[in-house]
Amino acid sequence: MTTERYNARDTEARWQKIWEDQNVFATRNDDPRPKYYVLEMFPYPSGKLHVGHVRNYTIGDVVARHKRAMGFNVLHPMGWDAFGLPAENAAIERKIHPKPWTEANIATMKAQLKLMGLSIDWTREIATCDPSYYKHQQKMFLDFWRAGLVERKNSKVNWDPVEQTVLANEQVIEGRGWRSGALVEQRELTQWFFKITAFAQDLLDSIDRLERWPEKVRLMQRNWIGRSEGLLIRFALDAATTPSGESELDVFTTRHDTLFGAKFLALAPDHPLALAAATKDPALAAFIAECRHTGTAQELLEKAEKQGFDTGMVALHPFDPDLKLPVYVANFVLLEYGTGAIFGCPAHDQRDLDFANKYRLGNTPVVCPPGQDPKNFVITDTAYEGDGRLINSRFLDGMTTEAAKEEVARRLEAQTRGNRPVAQRQINFRLRDWGISRQRYWGCPIPVIHCEACGIVPVPEADLPVRLPEDVEFDRPGNPLDRHPTWKHVTCPSCGGPARRETDTMDTFVDSSWYFARFTDPWIETAPTDRAAVDHWLPVDQYIGGIEHAVLHLLYSRFFTRAMQATGHAGVDEPFAGLFTQGMVVHETYRRSDGSYVEPAEVRIETQGEARRARLAATGEPLEIGPIEKMSKSKRNTVGLDDIAGTAGADTARWFMLSDSPPERDVIWTEEGAQGAWRFVQRLWRLVGEAAQIAAVADMPRPPVFGPAALALRKAAHRALARVSEDVERLRFNVCVAHIHEFANAFQTSLAELEDEPMADYRWAAREAASILVRLFHPMMPHLAEECWAVLGYSTLLATEAWPVLEPDLILENTVTLPVQINGKKRADVTVRRDATIPEIEAAVLGLDAVQRALDGKPPKKVIVVPHRIVNVVA
RNA sequence: GCCCCUGUGGCGGAAUUGGUAGACGCGCCUGACUCAAAAUCAGGUGGUGGAAACAUCGUGCUGGUUCGAGUCCGGCCAGGGGCACCA
């Protein structure tokens, strides 16, 4: 019996067309079934779908198809994160306008996505560069502004010299721009900010509720928000020493217990008091200028030595005005955190100690580590930053760190100067407001107008969207909007006088902060969201994407959803109830003897025993096999969709992506593995073909009894069903793959052992087994599954079929075989009735030869019976 | 420097969450089919000893808890990630 070889190319195209023609994946908002919203992070339309995308969307598609089979009304949309710099760079390099460039890329990538057979509702497709999308974003910007969630302020910002634009803190990784990799400089600019800090506490607290998020991402967000509880202490200054008679200085600390160890105060170089003093002290002004200079590049900043300048000002210790503390300006104090001023306790803070040692300010240990004799506890080069008992601290002596903090806070809060308390408890966050101004063209225009008479005026809602002009030039660096001859010149909507449009555009992360909400009703024109739709669908039940967005996109979206809730655009605060971060696709690298990289497609791998060797396929030239790395153009180790889907088909690529590694880990793309997946596709095809030959007709009545062969097959089918059902729910697709393999092996063996003329009961069981098998692999390999479904004689679409129903009786055996251990080592097996009592099991075990021998006539010390698991005899 | 995660055959990885370590796949070895190759099918594949039954060791190292530890606890080592003058 021969079966035709499975033709992936034609078959996949055929089913894709059928799904499309029948609108199988279009989702209705008024469908009464329970909802399930699956979403993969939408792509930037770079023009090329790479295997990382394939993995991401395959995972999402498995979830979508499985949930659909489980009876949910599944929303699985797709769109384009279409604003961004690459389009502008293409415009500069290739003289193509960003708009047609982006549109062409979208068309290409959409066609590639369709080749993968994803069950996407394309009727909801959106692109963020479309005015029908960004007009709503402008509307929300204005609403947020009115709600006090937008602010225009002057501050130090990260300037990317390559991209010629400002970046948010989250977009600076190790001092470099997240995209350009250029060293970021600090610049002082007036910018638009979203007040993400307004939600700092809530964003932090709510992380606890995100139970279906990876712990790792939750931790990263907690650290990024960086809450610390401390005390704001108002130090008195000796007014005679200050530039204009200033008498107070606020300092934030989390270690108020060490207050008696204070040796100095330090101000950030740009602290108002430092600037005031600098007007009267040229040397200080020079020092501050120097700090600013070295402060431009993050890298230098990290290596820079602690430096300070004694301002001559004197502060008084809050508990003893006779203790005078010098006030320095120091390069390591940050203006943006706390009050921009600190008190230095050298004994218990390494930075303060380095500083004090350099300027000979001395140190007094005030916290004694546990187990240390206070009498000979001295600090030289290493500060003690841990907890302990207080020493050298008058009324605090003997207290624990915690008690001393409380005592200091209590006493200082009770003190007043003027009529203000000397201290108050304060919570500080590391999180900064989100700077969204970008000095670029290809982004969403910020809908405001600058008027000399009226100040900053919002664009009236009737005038939205503020459209990007299309006639722009990219011949020079900088922002083309700013250079446009007419676009920015407008009349003030308030006074009618001449005014200027804002030429900055929004960070593209704003675009991606609410697209998931827009998908719930992308048709509504009068508002960003339809409240019924957005409240029905959100939060996203399963969101899938890369770990690189752990704090960027995922934190911004959490903020944005809260802001939408505050302005009435959504009824929820958390956008993503479940998050899954998938690993990267990596590949071996190959290099010639001259060090140049060679693409996998040009390489031939030879194996000799366990040794692997690589050669250039064309010439046989030997190549060095390099480390396995993230796919990149520079290492030339990329694999394109065409390389995979071309002959072996999308199903093969999808199956391989899911088979080896757990989805959260990196998967190594190997030629051998891909071939293995292709072989399995063929094997399933043959297997289902053979099964179809003997399988009963679909409506054959269920036989009253099953013979041993039929029963064994049914058991294997239902065992696989039970296991795959559980593991697909837990997104453990690699384990699902193993179960399907196991079942296919058992099925094939069963068919091979068959007599020529199978009995009716077996023919019924074969149909059942085949239909279960096909439905189990359908979410992963939908085209092959549809084709097999048709081969089995069904006329329905498998894409809309229900998940098989488990018969639990079939996976319960009447007898169980338990391993028998003697002193913890396995020595025998015992088979007992499933419902055997513990004494019965014990009796059976003690009767075993191996146990008798081991006991040597003596009674066992102990027999541990764990029903259905194991028996352990302690001799 | 601080915080977190991960270490299991030649490789990717399973292990019912404290109960038979190595499922499943890749690779490799042997055999069948073939003039031959590919494809396919059958068998084998952690180390050591043994013809075999079997014995014995074995989840980075080390100590502990337990009848029983890959899984829990303590201390190391290695690899990966996040944050980084955050007071």
Side-chain angles (χ1 to χ4, degrees), chain A residues 2 5 173-175 214-217 219-224 226-228 230 251-256 258 266 298 301-304 306 330-334 336-345 348-352 354-355 385 428-432 547 550-551 605 607-612 628 656 659-662 665-668 670-677 679-680 682-683 686 723 726-727 732 734-745 748 752 817-829 860-866 868-875:
Chain A
T2 52
R5 215 167 140 83
I173 317 282
E174 288 177 4
E215 193 48 49
K216 184 179 177 165
V217 175
L219 189 75
M220 280 164 73
Q221 292 213 353
R222 279 194 195 102
N223 290 341
W224 188 263
R227 181 192 140 109
S228 46
V251 158
F252 176 72
T253 182
T254 57
R255 287 304 301 271
H256 30 295
T258 65
Q298 291 268 345
L301 204 135
E302 279 163 33
K303 289 174 188 149
K306 307 264 173 294
N331 65 347
F332 67 94
V333 181
L334 303 173
E336 300 81 30
Y337 188 78
T339 62
I342 61 158
F343 82 78
C345 175
H348 303 291
D349 183 287
Q350 192 59 47
R351 289 159 308 174
D352 296 347
D354 294 344
F355 189 81
E385 298 186 345
N428 262 298
F429 294 93
R430 211 190 72 108
L431 184 69
R432 297 272 86 87
I547 187 83
V551 282
I605 300 289
T607 48
Q608 268 188 336
E610 270 156 18
R612 294 177 76 244
I628 295 164
F656 176 66
S659 46
D660 265 6
S661 297
R665 273 195 230 175
D666 288 351
V667 63
I668 306 168
T670 62
E671 207 39 51
E672 294 91 336
Q675 271 170 20
R679 273 204 301 272
F680 190 61
Q682 297 289 354
R683 220 179 112 208
R686 281 196 309 272
R723 290 173 175 171
E726 190 192 328
D727 284 318
R732 292 156 41 94
N734 57 321
V735 187
C736 291
V737 164
H739 296 324
I740 291 170
H741 262 284
E742 231 167 327
F743 175 34
N745 291 346
Q748 198 167 355
T817 299
L818 302 176
V820 177
Q821 295 184 333
I822 295 164
N823 294 329
K825 297 197 182 223
K826 197 208 157 190
R827 286 297 130 107
D829 287 307
K861 285 208 186 91
K862 204 170 175 184
V863 179
I864 292 133
V865 177
V866 186
H868 305 153
R869 286 284 150 78
I870 201 164
V871 181
N872 192 9
V873 179
V874 185

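The chains referred to below are lettered A, B, ... by the order of the sequence lines, with proteins before strands, and numbering in each begins at 1.
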Search all heavy atoms of A:D352 against all heavy atoms of A:F343 and return the closest pair with its distance. OD2-O, 3.9 Å
Would you mind reading off the distance between [X] atom [atom1] and [N] atom [atom2], rounded to a whole angstrom?
X	N	atom1	atom2	value
A:I870	B:A69	CD1	C1'	12 Å
A:Q682	B:A39	CD	P	12 Å
A:R255	B:C86	CZ	C1'	15 Å
A:R222	B:G82	CZ	C1'	14 Å
A:E671	B:G27	CD	C1'	14 Å
A:K826	B:G58	NZ	P	18 Å
A:Q821	B:C67	CD	P	13 Å
A:F680	B:G25	CZ	C1'	10 Å

Mind checking what makes salt bridge (Lys or Arg N to Asp or Glu O under 4.0 Å) contact with A:R351, not counting sequence neighbours? A:D349
Using the salt bridge (Lys or Arg N to Asp or Glu O under 4.0 Å) criterion, which residues pair with A:D727? Sequence neighbours excluded. A:R732
Return yes if the base of B:C67 and the side-chain atoms of A:K861 contain a donor-acceptor N/O pair under 3.5 Å, otherwise no. no
What nucleic acid atoms does [X] come within less than 4.0 Å of, heavy atoms only: base, sugar-phosphate, or nothing?
X	answer
A:Q748	sugar-phosphate
A:T670	nothing
A:N745	sugar-phosphate
A:K862	sugar-phosphate
A:V874	sugar-phosphate
A:V820	nothing
A:E742	sugar-phosphate

Kindly indicate whether the side chain of A:R683, heavy atoms from C-beta on, has any atom under 4.5 Å from the side chain of A:Q748. yes
Between B:C67 and B:U20, how far apart are the two C1' atoms, rounded to whole Å? 16 Å
Which value, in whole Å, describes the distance between the C1' atoms of nucleotides B:A23 and B:G9? 14 Å
Sort me out a list of protein N/O and nucleotides 11-15 of chain B N/O pairs below 3.5 Å, or just none if empty.
unit_1: B:G12; atom_1: O2'; unit_2: A:S661; atom_2: OG; d: 3.0
unit_1: B:G13; atom_1: O3'; unit_2: A:N734; atom_2: ND2; d: 3.4
unit_1: B:A14; atom_1: OP1; unit_2: A:N734; atom_2: ND2; d: 3.4
unit_1: B:A15; atom_1: OP1; unit_2: A:R732; atom_2: NH1; d: 3.4
unit_1: B:A15; atom_1: OP1; unit_2: A:R732; atom_2: NH2; d: 2.2

Proximity to the side chain of [X] - top-ranked nucleotide from [options]:
X	options	result
A:W224	B:U16, B:A84, B:A23	B:A84
A:I342	B:A21, B:A87, B:A39	B:A87
A:R430	B:A87, B:U40, B:C86	B:C86

For A:Y337, check ring pair (Phe, Tyr, Trp, His ring centres under 6.0 Å) against everything at least two apart and list the hits. none
Symbol by symbol from the 5' end, with Watson-Crick or G-U pairs under 3.5 Å, [ ] crossing and | another strand, RNA chain B is (((((((..(((......[....)))((((((.......))))))((((....))))..(((((..]....))))))))))))....
What nitrogen or oxygen pairs link the protein and nucleotides 3-5 of chain B at under 3.5 Å?
none

Assigned glycosidic conformation for B:G9 [threshold 90° from 0]: syn
Do the charged groups of A:R679 and A:E672 touch, with an N to O distance under 4.0 Å? no
